[in-house]
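Below: the structure, in structure tokens.
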Number of protein chains: 2
Amino acid sequence: MTQSVRTRLSPAERREQLLDLGVRLLATRSLDELSIDLLAEEAGISRGLLYHYFGSKHDFREAVVRRAADDLIAQTAPPVDGEPEERLLVSMAAYLDYVVANYEGYLSLVKGAASGNAALRAIYEEARAALTDRIFREDAGNQILPDTPAVRLVVRGWSAMTEELVLTWKVEPNGVTREELIGILAGSLRPLVEATLLQP
Amino acid sequence: MTQSVRTRLSPAERREQLLDLGVRLLATRSLDELSIDLLAEEAGISRGLLYHYFGSKHDFREAVVRRAADDLIAQTAPPVDGEPEERLLVSMAAYLDYVVANYEGYLSLVKGAASGNAALRAIYEEARAALTDRIFREDAGNQILPDTPAVRLVVRGWSAMTEELVLTWKVEPNGVTREELIGILAGSLRPLVEATLLQP
DNA sequence: ACCTCTTATTGAACGACTGTCAATAGGTAG
DNA sequence: CTACCTATTGACAGTCGTTCAATAAGAGGT
């Protein structure tokens, strides 16, 4: 991988190469093991060049995480037609399949977000908001999901539950099938909201 | 804070002092901002001494997180008598109050666990297992919660939801009262499990 | 083919931090 | 008061993030 000859790319190409490499490395290492040293060596460039394209290590990580989040949102876009319940099922399936297919990378995204950095957290929040806002949008007229603070809160909690369930199931399915899990995920939202609305 | 004179404590005392200081600092800084330098200066000792008591930075962090987790478990112990539903309510209230009172520290615990390190993750898992196992134990005879893989999975998800809701609510209550939140948390477990059992 | 100029790229240097270890000194037993 | 045990120190080596003046790749003009 060590490049003896200095190759000169256009800024756009180099930036792309470094971001792609960053996302790819995220599947093997965790976010804070993604050192400048490692990345420079793996890309066959000097450490200095990274600072030319991304101001700091944090900025680079932020760009990598943002790209990973964009991938997630793009690849789990819900279908535009069909019944609300059906679309929710398809959404859940897409999310589940994405996480299973990109397990390590997704884990790095989640960990990175939780790891304190405000910028990373914001990207993560944004991605999850994009996923849950779809649900409110899918429910035209807010018949299933009235838009109250408590319901917003519960939908957010349901997102966290979904994430936890999918990540856990990926590691230990324990006999639960993919279809069962999707059914549980999609089928739990309505009872949760109803239970919330029953609160005095 | 700089100690001009070298004070010699018994190993037990020094260990205790350092751990306490570590937990206290966790309320201000995040886990990976808890450097050896900072801690040594704050404690008025040399960096070397920290390595005498804890083999490495990771070991020290692990000890600090373990202490924080033990605190959480001890302070949220459920009452031994009363109806199951009532005990669940009291448990939830204790958990909520603990998180609100120790918000920053609890956040550091959660972040630390998510941050990749296997040892930290294990401590966190252990703490959460202690919290959820209580629920299964409270439900004598497993009338509400049959002990199946799917139900185990959902209870785990419900834990994640609970954590998310409490942390979010602490920052943005949005008009939801403490009692409402506790009601939502405690009242959501049964519907969730029932919806799960309905899955074909 | 050669030259020129822009700018992508380098590598040395600095500071902050983790980790190691032989030397030092506090306190206690005798 | 002395001697010994060991808690504690401080200096040193290695790693990593970050900066910046110097270098050379490659395109465009002649």
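Treat the numbers as computed from the prediction; the structure is a model and nothing was measured. Sequence lines set the chain letters: A, B, ... in the order given, protein chains first and strands last, and positions in each chain run from 1.
- Whole-Å rounding puts the A:Q17 CD to C:dA8 P distance at 15 Å.
- At the heavy-atom level, B:S56 lies under 4.0 Å from the strands shown only through sugar-phosphate atoms.
- The A:L49 side chain lies nearest to C:dT9 when the options are D:dT18, D:dC5, C:dT9.
- Between the side chains of A:S30 and A:D32, a donor-acceptor pair is found at a separation under 3.5 Å.
- Taking 4.0 Å as the cut-off between side-chain N and carboxylate O, A:E62 and A:K57 do not count as a salt-bridged pair.
- Rounded to an integer number of Å, the gap from A:D32 CG to C:dC17 P is 17 Å.
- No engagement by A:F54 is indicated, since no non-hydrogen atom pair under 4.0 Å with the nucleic acid exists.
- Summarising the geometry, the separation between CG on B:L50 and P on C:dT20 is reported as 13 Å, rounded to the nearest angstrom.
- Counting only distance, with no hydrogens or angles, the side chain of B:S108 and the backbone of B:L26 share a donor-acceptor pair below 3.5 Å.
- Between the side chains of A:R128 and A:Y124, at least one donor-acceptor pair of N or O atoms lies under 3.5 Å.
- In this structure, CD of A:E41 is placed 13 Å from P of D:dT15, rounded to the nearest angstrom.
- B:S46 comes within 4.0 angstrom of a base, heavy atoms only.
- OP1 or OP2 of D:dA7 has not a single side-chain nitrogen or oxygen of B:Y53 nearer than 4.0 Å.
- Taking atom CZ of residue B:R61 and atom C1' of nucleotide C:dC17, one finds them 11 Å apart after rounding to whole Å.
- One can place NZ of A:K57 at 16 Å from P of C:dA16, the figure rounded to the nearest angstrom.
- Among the nucleotides C:dT7, D:dT23, D:dA7, the one closest to any side-chain atom of A:R6 is D:dT23.
- Rounded to whole angstrom, the span from the CD atom of B:E13 across to the P atom of D:dT6 amounts to 17 Å.
- When each of B:H58 and A:R47 is assigned the nucleotide of DNA chain C bearing its nearest heavy atom, the one mapping closer to the 5' terminus is A:R47.
- Nearest nucleotide to the A:D37 side chain, out of D:dA7, D:dC16, D:dG26: D:dC16.
- Relative to the side chain of B:L9, the nucleotides D:dA24, C:dT18, D:dT8 differ in distance, and D:dT8 lies closest.
- Taking atom CZ on A:R8 and atom P on D:dT23, their separation rounds to 16 Å, with Å as the unit.
- Considering only side-chain atoms of B:I36, the nucleotide from C:dT6, C:dT18, D:dT8 that sits closest is C:dT18.
- Judged by distance alone with a 3.5 Å cut-off, no donor-acceptor contact links the side chain of B:R14 to the base of D:dT8.
- Nearest-nucleotide assignment on DNA chain D puts the 5′-proximal partner with B:H52, out of A:S35 and B:H52.
- For B:E85 and B:R190, the salt-bridge test passes: some basic side-chain N is under 4.0 Å from an acidic carboxylate O.
- Checking B:Y106 against B:Y95 by side-chain atom types alone, a donor-acceptor pair falls below 3.5 Å.
- Set against D:dA7, D:dT18, C:dG19, the side chain of A:Y51 has D:dT18 as its closest nucleotide.
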